[in-house]
Amino acid sequence: MELLDNMALGFGVALSWSSLLACLIGVTVGTFIGVLPGIGPLAGISLLLPLTFTQTPVDAIVMLAGIYYGTMYGSSTAAILLNLPGTVTSAVVCFDGYPMAKQGRAGVALAMTTFASFIGGCFSIVLMMAFAPPLVAVASSFGSPEYFSMTILGLLAASTLSAGSPIKGIAMVVVGLLVGMAGTDVNSGYDRFTFGVDEFLDGVNIVVLAMGMFGVGEIFWNFTEGQKSAQVEKVDVSWKALMPSRRDWKDSAFPIGRGAGLGAVIGILPGAGAAIASFIAYSVEKRVSKHPEKFGTGVIEGVAAAESANNSAAQAAFIPTMALGIPGSVTMALILGALLIHGVQPGPLVMTTNPELFWGLIASFWIGNALLLVLNLPLIGVWVRMLTIPYHVLYPGILFFICLGAYSSQNNPFDVFLVIAFGVIGYGMRVLQLPAAPALLGLVLGPMMEEHFRRALLIARGDATVFLTQPISAGLLLLSVILVVSTVRSSWKKRRRAAEPTAAA
Amino acid sequence: MTDEPDAMGEPDGKPVRIAGFNVVELVGGGVLSAVGIAAAIASANYGLGTLRQVGPGMFPMCLGIVLALMGVAVIFDGRRSMSVAPRAPWRPILAICAGLAAFGLLVERMGAIAAIVGLVVLVGFAEPKFRPKTLAGIALAAIAFMSVLAWAFYGAVNIQLLPE
């Protein structure tokens with residue numbers, strides 16, 4: 001069987017010492033970053049990206065991916081113990097996880113989220129093994145017009161479906177695309193948007209931008225909001241307290257299954273990331289439950305479904321990223337950027353030109369999820385203690401890693417100053433409530449999008465209607481229009497509803 | 001779904017309005033439009049080319065025009081917005097920028113150890129209370145980490161610990 005051969009190849013790669021080490025470092029650092037409130041997977045990946053420059057592309061992607069799904073496992077810890085989500089993806093876990101902790105059932109909640117995460121993750125890996133090859137077969141028949149339209153759909157979906165105003169999301173994608181234009185134009189050799197600075201000739205370094213906006217900008221924001229003092233609930237981390245009872249298992253089985261399925265579907269869609277998946281899974285559970293009124297008071301179904309869904313979605317997000325080269329979320333865009341830095345052009349060709357990378361990554365998912373399951377339960381006590389690190393110790397450390405990462409990526413002090421600039425810009429955007437994440441997505445996809453735009457027009461001999469006369473491309477564009485119109489309309493409706501009670505009061 | 005993840009976090013307080021427009025949205029949309037217009041003007045000089053042979057300016061020109069329009073849309077979309085700008089924490093922002101700048105200035109002239117000390121001491125002023133002991137501990141840990149890194153990845157990580 002072909003799949004078996006492929007998996008044998010994958011495990012051959014992923015079981016090498018260097019890949020195993022990369023996977024172990026990735027998932028451990030990921031869990032650590034996930035546990036700490038205030039730094040998410042984006043900051044974590046951008047901090048460690050420069051360290052991967054010495055590794056092979058396979059090890060690099062294995063490690064970065066491990067950080068990503070490791071944060072998904074870790075982020076529920078802070079949600080349960082502090083009522084403060086480690087990352088936005090586990091915000092829902094607070095609803096029932098924190099009440100559980102107050103009832104002295106924190107151990108059970110932590111253990112169940114680990115199991116739920118594991119099952120959700122595994123579900124999507126199977127899905128990726130099954131669906132990536134046929135998806136690649138379809139995608140390899142795509143030409144430039146189809147790619148251009150698909151990129152538009154992906155960008156619009158990612159920017160409108162996330163939280164906040166869809167109009168601002170789209171505007172920030174355009175900003176990102178424009179930033180992506182900076183540097184020497186590959187077709188004409190013309191320097192664009194470089195302001196006469198030599199360092200901009202190769203374009204804006206994605207690591208530096210991400211570290212400035214998501215690392216430094218985030219620290220500024222934490223100082224703006226004032227730091228919440230952490231009151232960690234006491235947790236009994238003995239095996240007896242951790243192990244869910246038979247009743248807990250029975251209550252959680254179906255929610256985990258439904259969460260995994262929902263998460264996978266939502267994760268494959270561009271844009272709707274892990275955060276949205278966990279929200280939808282939670283509300284579905286509430287609807288099908290026999291006792292919906294108990295949700296929010298510490299029922300295990302809510303915790304299990306949300307965790308299973310966000311891990312399933314996180315893992316499924318790799319499907320479009322690896323098979324089509326179109327990242328569904330910002331974190332995926334950063335991983336895609338990392339692949340580009342390593343000289344691998346993600347897309348349908350990866351499976352044929354770098355099969356060891358593709359299948360090695362999938363094999364590493366199995367290993368990484370198993371590692372997380374094995375490591376997390378005994379280490380829960382350690383993660384709980386991590387939460388007591390005060391912020392005044394944390395932020396100088398984070399800033400040190402930012403400096404190290406920015407400087408060592410090209411051994412140029414200029415990049416450190418660029419990080420300051422992007423940090424201030426990122427903070428300013430946050431104050432103006434303009435989301436920075438879509439801009440990063442635009443930055444990564446900008447050059448590719450322009451290239452397909454030009455090539456499509458060249459092949460069509462300057463006929464701009466080519467995007468509408470090719471059926472697949474026209475369909476994708478039609479979908480984009482429907483998507484934008486419907487999300488903008490629903491956001492208006494929602495706001496009008498929200499404004500009414502305030503007006504009455 | 002009524003309670004979506006709201007990454008922005010709405011600060012409390014009354015929104016400031018000018019002629020009915022929320023100031024936060026007005027400035028945000030204005031900045032977007034200004035960037036769009038500037039990009040479109042710059043692109044015009046890059047050469048638009050023809051549809052058949054697209055020049056370096058055409059795609060950015062389209063983006064600039066779209067962005068300028070989106071900026072206007074943001075302003076009008078935000079008329080009913082209740083957004084309030086938070087009070088900027090000037091002391092932490094200045095302290096952190098100064099610390100990062102110190103690292104950038106010192107790392108090649110004086111070596112990484114001096115750069116780390118400069119960074120940690122300056123960012124320490126971001127807190128209302130300066131904590132010399134905690135900061136010394138952090139600086140020592142960072143220097144130790146950096147030394148191990150420079151030693152273990154010799155050749156790959158080219159960071160000078162001390163001035164030459």
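Just so it is clear: chains get the letters A, B, ... in the order the sequence lines come, proteins before strands, and each one is counted from 1.
Residues B:Glu108 and A:Tyr407 have side chains that bring a donor and an acceptor to within less than 3.5 angstrom of each other.
Counting heavy atoms from C-beta on, the side chains of B:Arg91 and A:Phe223 never come closer than 4.5 Å. Looking at heavy atoms from C-beta onward, B:Val54 lies out of side-chain contact with A:Leu458 at the 4.5 angstrom threshold. Using a 4.5 Å cut-off on side-chain heavy atoms (C-beta onward), A:Ile167 and B:Met70 make contact. Side chains of B:Met146 and A:Cys403 form no contact here, defined as non-hydrogen atoms less than 4.5 Å apart. Counting heavy atoms from C-beta on, the side chains of B:Pro89 and A:Trp221 never come closer than 4.5 Å. Side-chain atoms of B:Ser43 and A:Arg192, non-hydrogen and from C-beta on, never get closer than 4.5 Å to each other. The shortest distance between side-chain heavy atoms of A:Lys168 and B:Glu25 falls below 4.5 Å.
Using a 4.5 Å cut-off between heavy atoms, B:Leu119 touches chain A through its side chain atoms alone. With a threshold of 4.5 angstrom between heavy atoms, A:Asp191 approaches chain B through N, CA, C or O but not through any side-chain atom. Contact annotation for B:Leu32: only side-chain heavy atoms (C-beta onward) come within less than 4.5 Å of a heavy atom of chain A. In this structure, the portions of B:Leu105 lying under 4.5 Å from any heavy atom of chain A include both its backbone and its side chain. Neither the backbone nor the side chain of A:Tyr282 comes within contact range of chain B; no heavy atoms are under 4.5 Å apart. Both the backbone and the side chain of A:Phe220 come within contact range of chain B, with heavy atoms under 4.5 Å apart. Residue B:Ala115 does not touch chain A at all, counting heavy-atom pairs closer than 4.5 Å. Residue A:Phe193 touches chain B through both its backbone and its side chain, counting heavy-atom pairs closer than 4.5 Å.
Among B:Ile116, B:Thr134, B:Ile96, B:Val66, the residue making the largest number of heavy-atom pairs under 4.5 Å with chain A is B:Ile96. The candidate with the highest count of non-hydrogen atom pairs below 4.5 Å against chain A, out of B:Gly55, B:Gly49, B:Ala42, B:Gly36, is B:Gly55. Counting heavy-atom pairs under 4.5 Å between each of B:Gly124, B:Ala39, B:Ala73 and chain A puts B:Ala39 at the top. With chain B as partner, the option from A:Val424, A:Ile459, A:Val488, A:Val416 having the largest number of non-hydrogen pairs under 4.5 angstrom is A:Val416.
Crowding of B:Phe76 atom CZ: a count of heavy atoms from other residues, nucleotides or ligands under 6.0 Å not exceeding 12. Residue-environment remark: CZ (B:Arg131) exceeds the threshold of 12 foreign heavy atoms within 6.0 Å.
With values rounded to the nearest 0.5 angstrom, B:Met61 atom CE is found 14.5 Å from A:Met181 atom CE. A distance of 9.0 Å separates CG in A:Leu394 from CD1 in B:Ile138, rounded to the nearest 0.5 Å. Separating the CG atom in B:Leu51 from the CZ atom in A:Arg454 is a distance of 12.5 Å, to the nearest 0.5 Å. Between the CG atom in A:Leu178 and the CZ atom in B:Phe59 there is a gap of 9.0 Å [rounded to 0.5 Å]. The CG atom of A:Leu177 lies 10.0 Å from the CG atom of B:Leu67; values are rounded to the nearest 0.5 Å.
Closest approach of B:Gly104 and A:Pro413 over heavy atoms only: O-CB, 3.4 Å. Here the shortest heavy-atom pairing between B:Pro86 and A:Thr224 reads CB-CG2, 3.7 Å.
Using cut-offs of 30° and 60° on the angle between ring planes, the pair B:Phe145 and A:Phe400 is perpendicular.
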